[in-house]
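Just so you know, ligand 1 is whichever comes first in the structure, and atom 1 is the first atom listed for that ligand.
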Amino acid sequence: MLELPGLIDPHVHVREPGQTHKEDWDTVTQAALAGGVTTILAMPNTKPPIFDASTLDLALNAAKSKARCDYAQFLGAGPDNADTAAALAPQTAGLKMYLDSTFGELRLDDMTLWMPHFEKFPKDYPIVLHSESRTMAAGILFAAVYDRPIHIAHVSLKEEILLIKAAKERGIKVTCEVCPHHLFLTADSSSLTLGEGRRGEGRREVRPRLAGKEDVEALWQNLDVIDCFATDHAPHTLAEKDSDNPPPGFPGLETLLPLLLIAVDDGRLTIDDVIKRLHTNPRRIFNIPEQPETWIEVDETAEYEIKAADQFTRCGWTPFDGWKVKGKVRKVVLRGQVAFEDGKVLAEQGYGRNVRGLES
Ligand code: DOR
Ligand code: ZN
């Protein structure tokens, strides 16, 4: 049995408030615990988006009564909330800026709208950027100009990881995360489980898009540049994914560890690489306090098939359905309590704590 610290997923779409038919604070934290994740950082592109004190309250009140693992909530950067966001920073996971194509309403195109956020958001709380390709390059220039840390979400391209490497070498304060789906799937992956006929193509939709072989290889070759693994757990129902207008996103909390353990098994990663990117680094980057008496137990010899029906996420599917993996989370102990054991979530709703400690 492998014993690991409680995993931290810095990129999770909870869907509450507003879209609880996809997921809510209860189901997402059950999925987290089943995946060995004891802390999630929640994204703000809900309905309504989380961008001021009253919308932050909406999310935190739901979390307080329903979450079964620990959490913090990001605030979204809008066109005119830089002062509000800066004042609320201590109650948040950090600030999320959507600068490229995404799901929901939070998107800032004009760079003059980025400036007040870079000027005002306290430097000891992270700014996380959804920024791809050349937009990412602009984000890195902002980090250099304003001399403040940024964290780049879901890096997927060779040109991105190489630029982040170069920026780090120059001392620019940039960190980054990569999602398992960008490490294990390509745009033409035949292993991606699709539905019948063309309709299933919507199941490939994700932002950033799945990339090419060369991009995926570049990510693996530059593991030392990757600070964190993050799921970008983005649940949408199968009916939505198979519709004429499929929303982008994959669930990921329950497949995170078994996928990474494939790479440990075939020698591309070590367990220490995993601990660093799913615990040590996210703790440091996002200022997350230590969870006392918290660990997870993983049976690294258990072989099984990933099945959508076995998952706790409400969305009812996974792009990795049918994948054969090795390594199963057997037990999660969170702050001294057994929170998950042998397929059962034991932590009650409301057991989860806001790691920012200022629950409203
Ligand atoms: O695939 C994605 N899904 N990319 C995003 O940027 C948003 C996310 C979502 O919320 O569904
Ligand atoms: Zn996301």
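Geometrically, ligand 1 and Tyr98 share no nitrogen or oxygen pair separated by less than 3.5 Å.
Inter-residue side-chain proximity for Pro5 and Thr38 is flagged as unmet; no heavy-atom pair is nearer than 4.5 Å. The shortest distance between side-chain heavy atoms of Met43 and His130 does not fall below 4.5 Å. For the pair Val206 and His154, the minimum side-chain heavy-atom distance is 4.5 Å or more.
Within ligand 1, the atoms closer than 4.0 Å to a non-hydrogen atom of His130 are 6 (O), numbered from 1 in the order shown. Atoms of ligand 1 found under 4.0 Å from any heavy atom of Ala234 (numbered from 1 in listed order, with element): 3 (N), 8 (C), 9 (C), 11 (O). With ligand atoms numbered from 1 in the order given, ligand 1 contributes 1 (O) to contacts under 4.0 Å with heavy atoms of Val206.
The single protein non-hydrogen atom nearest to atom 7 (C) of ligand 1 is Thr102 OG1, 3.4 Å, given as residue, atom name and distance. Residue, atom and distance of the protein heavy atom nearest to atom 9 (C) of ligand 1 are Arg15 NH2, 3.4 Å. Among all protein heavy atoms, the one lying closest to atom 3 (N) of ligand 1 is Pro248 O, 3.0 Å.
Side chain to side chain, Asp321 and Thr318 fail the donor-acceptor criterion of an N or O pair below 3.5 Å. Between the side chains of His233 and Glu23, at least one donor-acceptor pair of N or O atoms lies under 3.5 Å. Between the side chains of Thr84 and Asp52, not a single donor N or O lies within less than 3.5 Å of an accepting N or O.
Geometrically, Arg68 does not engage Phe340 in a cation-pi contact, judged by NZ or CZ lying under 6.0 Å from the ring centre and within 45° of the ring axis.
For the pair OD1 of Asp232 and NE2 of His13, the angle at the Zn ion (ligand 2) is about 90°; rounding is to 10 degrees.
When heavy-atom distances to ligand 1 are checked against a 4.0 Å cut-off, His236 comes that close only through its side chain, counted from C-beta outward. Contacts with ligand 1 closer than 4.0 Å are made by no heavy atom of Arg209, backbone or side chain. The residue Met43 has no part lying near ligand 1, judged by heavy-atom distances below 4.0 Å. Under 4.0 Å from ligand 1, heavy atoms of Arg207 appear from its side chain as well as its backbone.
Note on ring orientation: taking the six-membered ring where Trp is involved, the planes of Phe74 and Phe286 are perpendicular (angle over 60°, cut-offs 30° and 60°). Between Phe142 and Trp114, the ring planes lie tilted relative to each other; the angle falls in the 30° to 60° range.
Among the atoms of His11, an N, O or S atom falls under 2.8 Å of the Zn ion (ligand 2).
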